[in-house]
Amino acid sequence: MSHLPTLEDLGDLEGKNVLVRADFNVPLSDGEIRDELRIKEALPTLKFLVKNGANVTVCSHLGRPKGTIDPNLSIEPVRKRLGDLLPEVHLLENLRFNPGEENNDPNFVNTLIQGQDFFVNDAFGASHRSHASIVGPPQFLPSAAGRLLAKEVDVLMAIRQKPRRPFVAILGGSKVSDKLGVIDTLLGVVDKLVIGGGMCFTFLKAQGNQIGSSLLEESQLKYCETLLKSGAAIFLPHDFTTMDSDGQIGDPSAGGVVRQTGINIPDGWMGLDIGPGSAAAFGDIISDSKTVLWNGPMGVFEDNRFSAGTRHVAQTMAETRGCFTVVGGGDSAAAAKEFGFADNMDHVSTGGGASLELIEKGDLPGMAALAASPRLV
Ligand code: AMP
């Protein structure tokens, strides 16, 4: 892994101009911030810089405006809130209003670093992207990892390199194909790999089970079959909460029948959550572990008819004593928060894609850029 320079490595900050890349990609509705966690999490770094006399300019993306100015995605609500919390810092407009951000355009990088002495990356959730504001400034400015980025890297690299055992990874979410790299890496590190969510059905089908009309990735059947035959310690669900074809996900009033099945799901039925037996079995595996990494919901948790499996995994993690629990961002972090268990986890990552890529590769483009940045003379 690249060695990450810290804020202290920047030396004397008095009167220095510092550009900070933060992740202020907060959820908005009608121009109001629905969850300000990302703003709060950037404060330790920003406060450190201000306290040490730096002139701080912060930049972030917000949503996906795709290189055009979209007034609904203006960073203004964040600017207002940040103004209340830390009025000393200056916040630039949404980076993704400029096509140069996602294209990593050198001219855009040049604009960003104008007049700046140092660069700090605290946007862990965006550090797997080679975007201008992530990999550009460290080519020119002495740079450091902010507190949040440094903590994410410490935690995730520690469980990758020296986990307390038994170490269990629980993967869910919709697709096997999104997680191939991480499955391969995890199988080299974990004692047990538990697979739920939509992605388990391709494994179950590869084992010869009936999966009805559940999610299937035909192109991954061979891969799943090979893994299962390799003798790897993979644990799959054996019962399901399913719905027939009259039902609609997210709309209980549309009708349809929801019922439990065993491992074989009849034609016309779709597996939308792991069943109670599997949830209990996964819970037992968690309770017997010393490290748990969880990424991806066990079912369509957004619809509360199919949220029980995900809730049980989150609850068991939160309640297991003496176990180091890490939630890998994205939907699992959202679920842990929604069910009220996030505060009882040891670490809830702020980056879904970034945490998976860091576990898979042991490095990220944003980290490598910091490690290669010019040193102070
Ligand atoms: P991903 O984006 O791959 O992490 O997947 C997250 C999504 O997977 C969530 O929106 C869940 O609703 C969805 N999901 C989880 N389990 C299932 C399932 N059994 N069938 C269909 N979608 C699922």
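Heavy-atom basis, side chains included; hydrogens, waters and symmetry copies ignored. All residue numbers refer to positions in the sequence shown, counting from 1.
No donor-acceptor pair under 3.5 Å is formed between the side chain of N103 and the backbone N or O of D105. The main-chain N or O of G146 is never found under 3.5 Å from a side-chain atom of T45 such that the two would form a donor-acceptor pair.
If you check the side chains of R21 and S133, you find a donor sitting under 3.5 Å from an acceptor. For the residue pair R375 and S373, a side-chain donor N or O sits within less than 3.5 Å of a side-chain acceptor on the partner. Remark: the T350 side chain and the D23 side chain contain no N/O donor-acceptor pair separated by less than 3.5 Å. At a cut-off of 3.5 Å, with distance as the only test, no side-chain donor of N104 or S130 sits close to an acceptor on the other residue.
Remark: R165 CZ is packed, more than 12 non-hydrogen atoms of other residues, nucleotides or ligands lying under 6.0 Å away. Atom CD of E32 is surrounded by 12 or fewer heavy atoms from other residues, nucleotides or ligands within 6.0 Å. Atom CG of L180 sits in a crowded spot, with more than 12 heavy atoms from other residues, nucleotides or ligands closer than 6.0 Å. Atom CG of D251 sits in a crowded spot, with more than 12 heavy atoms from other residues, nucleotides or ligands closer than 6.0 Å.
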Should N52 and E14 be marked as a side-chain contact (heavy atoms from CB on, under 4.5 Å) after you check the CA-CA gap, both sets of side-chain angles, and the distance that decides it?
CA-CA 6 Å; N52 284 281; E14 188 60 47; over 6 Å; no
Show, in sequence, the C-alpha distance, side-chain angles and deciding distance for E76 and K80, and conclude whether the salt bridge (Lys or Arg N to Asp or Glu O under 4.0 Å) test is met.
CA-CA 6 Å; E76 203 48 44; K80 236 174 106 223; over 6 Å; no
Test side-chain hydrogen bond (donor to acceptor under 3.5 Å, both in side chains) on S177 and Q220 and set out the steps.
CA-CA 7 Å; S177 53; Q220 302 305 327; 4.8 Å; no
For E225 and F203: C-alpha separation, side-chain torsions, deciding distance, then whether side-chain contact (heavy atoms from CB on, under 4.5 Å) applies.
CA-CA 7 Å; E225 196 184 327; F203 283 90; over 6 Å; no
What's the verdict on salt bridge (Lys or Arg N to Asp or Glu O under 4.0 Å) for K179 and E357, showing C-alpha distance, side-chain angles and the deciding distance?
CA-CA 9 Å; K179 301 209 164 105; E357 191 170 324; over 6 Å; no
Applying salt bridge (Lys or Arg N to Asp or Glu O under 4.0 Å), run through K47 and E41 and close with a yes or a no.
CA-CA 11 Å; K47 283 184 175 163; E41 280 174 336; over 6 Å; no
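Residue I159 holds its CD1 atom at 8.0 Å from CG of L186, rounded to the nearest 0.5 Å. Remark: I211 CD1 to T202 OG1 distance equals 6.0 Å, nearest 0.5 Å.
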Throw together a table of side-chain donor-acceptor distances under 3.5 angstrom for residues 326-347, partners on residues two or more places apart or in other chains.
{"from": "S332", "atom 1": "OG", "to": "G296", "atom 2": "N", "distance (Å)": "2.7"}
{"from": "S332", "atom 1": "OG", "to": "G329", "atom 2": "O", "distance (Å)": "3.4"}
{"from": "D346", "atom 1": "OD2", "to": "T325", "atom 2": "N", "distance (Å)": "2.9"}
{"from": "D346", "atom 1": "OD2", "to": "T325", "atom 2": "OG1", "distance (Å)": "3.2"}
{"from": "H347", "atom 1": "NE2", "to": "E152", "atom 2": "OE1", "distance (Å)": "2.9"}

Residues 85-93 side chain polar contacts: donor-acceptor under 3.5 Å, at least two apart:
{"from": "E93", "atom 1": "OE1", "to": "I75", "atom 2": "N", "distance (Å)": "2.8"}
{"from": "E93", "atom 1": "OE2", "to": "S74", "atom 2": "OG", "distance (Å)": "3.0"}

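Pairs passing the ring pair (Phe, Tyr, Trp, His ring centres under 6.0 Å) check and including a residue from residues 12-61, sequence neighbours excluded, do not occur.
Ion pairing between a basic and an acidic side chain is recognised when a charged N comes within 4.0 Å of a carboxylate O; R81 and D84 show such pairing. Salt-bridge formation is not detected for the pair K361/D363: no Lys NZ or Arg NE/NH1/NH2 atom is positioned less than 4.0 Å from an Asp or Glu carboxylate oxygen.
For I274 against G197, the heavy-atom pair with the smallest separation is CG2-N, 4.5 Å.
Considering T68, L62, L73 as possible partners of F97, the one that fulfils the side chain to side chain contact (heavy atoms under 4.5 Å, CB included) test is L73.
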